[in-house]
Structure formats: structure tokens, C-alpha cells
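In what follows, every chain begins at residue 1, and chains take the letters A, B, ... in the order their sequences are listed. All values below come from the heavy atoms of this structure, side chains included, with hydrogens, waters and symmetry mates left out.
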Amino acid sequence: PGFHTKLARSYGSAGMWEAALVSLIGMKSIGCKPNTNAFNGLMNSLIKAGYSDEAYRVYLKMLDVGCRPDSYTLGVLTKGFCKVGKIDEACVLLKELKEQDCVPNVTVYNLLLDGLGRAGKLNEASKLFEEMSKQGFRPDVVSYNTMIAMFGKSGKVDRACRIFQQSKENKCSPDVITYTSLIHALCKKGKLDEAWKLFEEMKSDGFVPDVITHTVLLDALCKSGRELEALELLEALEMGDCVPDVVTYTSLLYSLRMTGKVDEASTLFARMVEKGCHPDVVTFNALLAGVCKSGDVDGAFRNFAEMQDMGLKPDGYTYNALIDVLCKTNDVEEAFNVFEKMMDDGCNPDLITHTQLINGLCKAGRVEDACSHFKDMTERHCIPDAIAYNTLIYALGKSGKALDAYELFHLMKKKACHPN
RNA sequence: AUAUUGGGUUGCUCGCCG
């Protein structure tokens, strides 16, 4: 059975759900039947690899062969739904399974909280957070951490701190993640002093900050222009026992390169490699951002070639950065070539890709083309946000098409997209 | 040994400061 489940999970990671099922069901050839755990494991593999719909099919098959779902099943599927933005379906499933006396647990609620947060539905998350206690599920440290991180990411430090207060009142012990999330929230708002205070506080309370905690602080130093202090922190880490990782180095590389410190960035890049820390696609993208900022198209493509020489696959960020630098250097034609290449390469253009192209067309005086691209974009199920509307509204207004601009402005409001 | 939380990279405009 171990072999069959392992094989099934491998198929799952490749999205081959049918082959995976054959492997699971094939257990009967050795006189075994796949149990709930085996199905849960397969669904998890599928979801981790981005095959949520396929996971749901496996779920149906599992019911079909008479396997009862348990709280893990519910958890895995909740994650799957949330990952593809189908939060409502996750809630429906929760209700359904509750009626079949499949008991949800705190983990399931935590998954929902996180899913709501990532979908930007903070109010609904807060409501659920209050609701869960009433339903008899006491929030645990993960619940609190999830809420803190979610408020922190959207710039609501005060609310994050209130949740922290609340967790103390409810006698829920914080952990390193709690503190790191709060420190991150403070840093994001530029409150570095308070962040450092909390950092000291956590240490004196006996918590051991890890590489992530330190990287949050280092990144904040970089982003507020204190690269020297960031470098000092890095050196301290390199000498201590909290080893900096690729994220730590990338954060510094990004700031150095963004602020034009090209040589320092190169030196640091060499140093990280020397320390056995391998740059990843984000590292290259971070450097690429700096190259693009200076409008250096050739340099951008050199970076693009170099990352592939190192065996790294460009992602959406990479292509978007290239498209943007081309648009900004008045080469929309080439930007569209990269756009094609991106799709050939299996990268899905996103809202940012389209907005950049629309902006590029506008700047090249091709406002009509921009409008039709905007239309194409919506037909490709890419829902414009305020920035996308602004881009086109601004260009329309500037090119004397005030009426069209006004019309789009109304459309934007009609689509419940808040003008800023 | 089957599920949940923290760090780095990409888009518009405007304002403030230099």
C-alpha cells in the first residue's frame, strides 16, 4: 500500500489524477483498499501542484468507492478551493459535511480565515474569526497568527496589534511567527523603532528569532535607505548561527541594485554564491528590476539569458519586467513579441502584464489599440482593477477623449471598482 | 506521517520631500 500511495502522489504532483486513481484503486491487486488517508494525500499533492479541480474529482471518486471524508479531507479541499478563489464553495462544502456529521476543526477554520484574507475579504475573515469561537472552536495560535499577518499585509498595524492583545487576553501563547508577523506589519508602515523594540521584547521573553525574523528587519532597513546597517546585520548573521538564506541576500541585492549600487550588488552576488547560497528566479528578478529601472533593455535581456544559463526558468515577474522596460523605452512592438513568448513558455499573462501593455500602447499614442486590448483582457477573464482603469482613463483624458474617459469612469464604478 | 499561519522580485495616477 505504501508503494501505491506514493506512486499516486507522484502522479498527483504531475496533475495526472486519473493515473493516480488507477494506482490507488489498484491496491486491491495486493488485497488492500485505499483508505481516507490515501485519498487525502493524493488530493493534497494535486492541490499543491495547482490542480484543485482535479482534486475535487478525486474527492467524488472517494465518496463513490465508499470512503468517508474526515476533517483532513475537509481541510485539504478547503485549501484547494481557496487557492483558486472559490471561497464560497469552500463554505458550502463545510456546511455539507457538517450535516453529514463530519466534524470540522480549528484547522479548517484557519484555512478559511487565510483564504478569505488572501482574497482580500478582510471583513468576512474577521466575522468568521468571531464566529468560530461561538461555534465552539477556540482560535489557536495559528488562527491569531493568520489574522495578524493578514492585517499586517494590508497595512492595518493597529488591527494586527489588537489581535495580538486579544490573544494575550485569551491566554494563547504567541510564538516566533506571531512576533515576526507583527514586526513585519510595523516595518511595512515604516515603524522601524517599534519593530526593533518588539524584536528585543521577544528575545527577552525567551523567543529565538529565526532567519525570517532577521530578514524582515533587514529588508525594512534596506527599504528605508539604511543599506549600511542592513549590511552590518547581514555580516552579523553570516558570523552567527542564524544563517542568511537566498531571501536575505535577495532583499539586499534588490535595494543595492535599485539604488544604482551596481558594483556592490555584484560583489554581494559573488559572496552569496561563495557561501553556497544559490540565487533563484526571484534573485534574478530582483536584479532585473534594477536594470529595468535604468531603462537598460540590453542589460535586461542579458539578465534574462543569464538566469536561463543557470538553469532557472523565467516566471511571470520576469516577463512582466521585460515587457515593462520595453514599453517604457517606446518599443511596444517588441513588448508584444515578449508577450507572445511568455505565453509560448507556459506563463499566463496576468492583470499586470495587460496593464503594462495598455500603458505602452497609450504612451506610443495608440490609444485605440489600448482600448481594444483592454477589451481583449476582460474577455480573457482578467478583471481590471483600479490601476488598470486609471491607466486607460488617464490616457483617454490626455488625448482629448474626455467623453470616453468619463464613460470608462462610470463603468469602473458600476463594476464595483473603487476610483481612487 | 494525510490538511492551516511569518520574510525577497513586476503595472497607472496624484501628492509631499530632495
Side-chain angles (χ1 to χ4, degrees), chain A residues 5 9 35-45 47-48 70-80 82 105-115 117 140-150 152-153 175-185 187 210-220 222-223 245-255 257-258 280-290 292 315-325 327-328 350-360 362 385-395 397 420:
Chain A
T5 34
R9 295 196 65 164
N35 60 12
T36 300
N37 296 353
F39 280 104
N40 290 346
L42 169 56
M43 289 187 280
N44 189 37
S45 297
I47 287 160
K48 276 224 159 78
D70 62 7
S71 357
Y72 278 73
T73 316
L74 183 53
V76 170
L77 288 172
T78 300
K79 169 120 188 160
C82 290
N105 56 18
V106 183
T107 301
V108 172
Y109 279 94
N110 290 345
L111 278 155
L112 275 174
L113 290 176
D114 188 55
D140 61 10
V141 64
V142 175
S143 321
Y144 287 110
N145 290 350
T146 304
M147 295 308 291
I148 289 171
M150 141 178 164
K153 278 182 206 154
D175 60 15
V176 175
I177 297 185
T178 316
Y179 281 102
T180 305
S181 304
L182 279 166
I183 290 172
H184 186 221
C187 287
D210 61 14
V211 60
I212 299 187
T213 319
H214 286 102
T215 302
V216 168
L217 288 165
L218 179 138
D219 187 60
C222 287
K223 295 220 158 66
D245 64 14
V246 60
V247 178
T248 321
Y249 284 105
T250 299
S251 166
L252 239 171
L253 284 170
Y254 172 74
S255 286
R257 186 60 245 230
M258 269 312 233
D280 62 12
V281 58
V282 179
T283 313
F284 277 91
N285 288 343
L287 293 169
L288 180 60
C292 290
D315 64 7
Y317 282 83
T318 318
Y319 284 108
N320 285 346
L322 291 175
I323 288 171
D324 193 50
V325 73
C327 287
K328 294 207 165 121
D350 61 9
L351 180 58
I352 295 184
T353 319
H354 293 297
T355 307
Q356 289 175 159
L357 288 167
I358 288 165
N359 193 34
C362 291
D385 63 1
I387 295 184
Y389 280 106
N390 285 351
T391 306
L392 201 49
I393 290 173
Y394 180 78
N420 60 20

- Item | side chain to side chain contact (heavy atoms under 4.5 Å, CB included) involving M147(A) - partner list, sequence neighbours excluded | L113(A), A125(A), S126(A), F129(A), M150(A), F151(A), I163(A)
- Note on the structure: Across all chains, not counting sequence neighbours, the side chain to side chain contact (heavy atoms under 4.5 Å, CB included) partners of A149(A) are S181(A)
Could you list, one pair per line, each protein nitrogen or oxygen that sits under 3.5 Å from a nitrogen or oxygen of nucleotides 14-17 of chain B, together with the distance?
none

- Less than 5.5 Å between centroids and less than 30° between ring planes, does Y317(A) satisfy that with U9(B)? yes
- Look at all strands and tell whether D350(A) reaches a base, only sugar-phosphate, or nothing, counting heavy atoms closer than 4.0 Å. nothing
- Report which part of the nucleic acid T5(A) touches: base, sugar-phosphate, or nothing (heavy-atom distance under 4.0 Å, all strands). nothing
- Check side chain to side chain contact (heavy atoms under 4.5 Å, CB included) between L111(A) and all other residues, then give those that pass, not counting sequence neighbours. T78(A), K79(A), T107(A)
- Message: Taking side chain to side chain contact (heavy atoms under 4.5 Å, CB included) as the definition, give me every residue that meets it alongside S255(A), ordered by chain and number, with sequence neighbours left out.
- Response: C222(A), E227(A)
- Task: Ignoring the backbone of I212(A), work out which of G7(B), U5(B), A3(B) is nearest its side chain.
- Result: G7(B)
- Query: Where does RNA chain B form stems of at least three consecutive Watson-Crick or G-U wobble pairs, each pair having both distances below 3.5 Å?
  - Reply: none
- Candidates U9(B), G7(B), A3(B) - which lies nearest the side chain of H184(A): G7(B)
- Listed nucleotide nearest any side-chain atom of N285(A), set U9(B), A3(B), U10(B): U9(B)
- Proximity to the side chain of Y254(A) - top-ranked nucleotide from G8(B), U10(B), G6(B): U10(B)
- Query: NA contact type, S251(A), heavy-atom cut-off 4.0 Å: base, sugar-phosphate, or nothing?
  - Reply: sugar-phosphate
